[in-house]
Amino acid sequence: MPMQPWFTDAKLGIFVHWGIYAVDGVQESWSFYDDIVPHDQYMSQLDRFTAARYDPRAWARLFARAGARYAVLTSRHHDGVALWDTAHGDLNVGRDLITGYADALREQGLKVGLYYSHSDWNHPDYASTRKPGRPPELEDNRYSEVAAEFEDLQAWERFLAYRDGQIRELAGRYRPDLMWFDGEWDRSEEQWRIRELAALIRSYVPDCVFNARMLGEGDYATPEQGAPVVPPEGPWELCLTINDSWGFQHHDHNHKSVDQLVRYFAETIGGGGNLLLSVGPREDGTIPEEQAERLEGLGDWITRHAEAVYGTVRGLPAGHHHGPSTLSPDRRTLYLTLYDAPRAPFGVRGLLGKVRRATVLGSGTELGHRVVGGLHEAPGVLWIDPPAAADLDPHATVIAVELEGELELYRGSGRF
Ligand code: GLC
């Protein structure tokens, strides 16, 4: 599938990990899988999950204020608890929490993403097979696989029928613009029947976007938590937590600052990616203030610099400018991000064409600039005067460099 332009233009999405794990504030699914929380205790959260103050319109307004153009909600994590009143399987929250979310996002003009875990560590038929080639000496986890001699292919077929039933509900009812799969590592592409799964979803939503955990059917790379040093070539999305947890955990106050979030964001979009920033609502559906504030802070920065954000393409590769940059879709304006206040003119290397103007995005103040040096095919260095203190953004200042033609870069090492 060719990538949907809305996705690459969007730049920011909000990931929402919401589930029964928010009741006790334990790690989503992994806490029982890894025997950190007894299974019974983990599952007892289902009866105590209230969603009592769930206001999806407030979520959607907050996400729009953050500058996001889409969101992704955990419709069913590895623990198998569905957030909608599914007719398949035994585990769900007893009502439909997804319709309100999808409608509210669409009211705000945001695209609707649904996270769905391939793996389901609670389904009675799930741990009925193992991944081909899984070394027998590895300790098997009772929630995810069985030893080769206990494989039960009929049970696996039942699991897939359950999975397909849920997928039909999700795709048919909510028509997601994006399906964000996870948990693919437990089985092979053939065991998941990825091709058939993609076709099933596309029979409802022909242009649904898939992340890379849809394996051969994935549309974009899905780096998680670690910011890439070399940006992936094609479309990609960095998923990142605001603190250190995906879901709500009371004790985790290790939130990234707005400054840091702006930096993650600028670097991600500069490398041609999207940032999928995760919030963990409490069990009642409210988003912790510490997270909401940061989303708003990031949103303020994005609003001030929207021209350098939405619809842009990846900017200069490393080595040309000290910081990230983006490029306008017509490739004639470069947006250079400055994290710190330059003390002196700052240099940009390797620009082959002429520069028409350099201005501070926002104030529009024009900055002096000149090209110095250069020999034969190696262009000189473009020196741009530092912006005045009054023109500096508290988080990161963006300089728009208008070029006479489309961006052309010199990537050589000079003349020897
Ligand atoms: C991991 C984890 C999961 C989390 C996801 C988000 O794959 O299994 O808990 O939802 O990453 O990317």
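Note that ligands are numbered from 1 as they come in the structure, with each ligand's atoms numbered from 1 the same way.
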* **atom 2 (C) of ligand 1 [closest protein heavy-atom partner, distance rounded to 0.1 Å]** => Trp30 NE1, 3.4 Å
* For atom 9 (O) of ligand 1, grab the closest protein heavy atom and report residue, atom and distance to one decimal in Å. => Glu28 OE2, 2.8 Å
* Between Asp182 and ligand 1, is there a nitrogen or oxygen pair with a distance under 3.5 Å? -> yes
* To do: Kindly say whether Gln41 contributes a backbone atom to a donor-acceptor pair with the side chain of Gln45 at under 3.5 angstrom?
  => no
* **Tyr143 and Tyr126 aromatic centres sub-6.0 Å** => no
* Asked: Are Phe181 and Trp192 an aromatic pair by the rule of ring centers under 6.0 Å?
  -> no
* Structure fact -> for atom 1 (C) of ligand 1, nearest protein heavy atom and its distance come out as Glu224 OE2, 3.3 Å
* **Non-hydrogen atom of Trp180 closer than 4.0 Å to ligand 1** => yes
* Write out the residue and atom name of the closest protein heavy atom to atom 10 (O) of ligand 1, then the distance separating them to 0.1 Å. => His17 NE2, 2.6 Å
* Among the heavy atoms of His77, does any lie under 4.0 Å from an atom of ligand 1? -> yes
* What do you reckon, does Phe181 put a non-hydrogen atom under 4.0 Å from ligand 1? -> no
* Proximity to ligand 1 by part of Arg213, non-hydrogen separation under 4.0 Å -> side chain
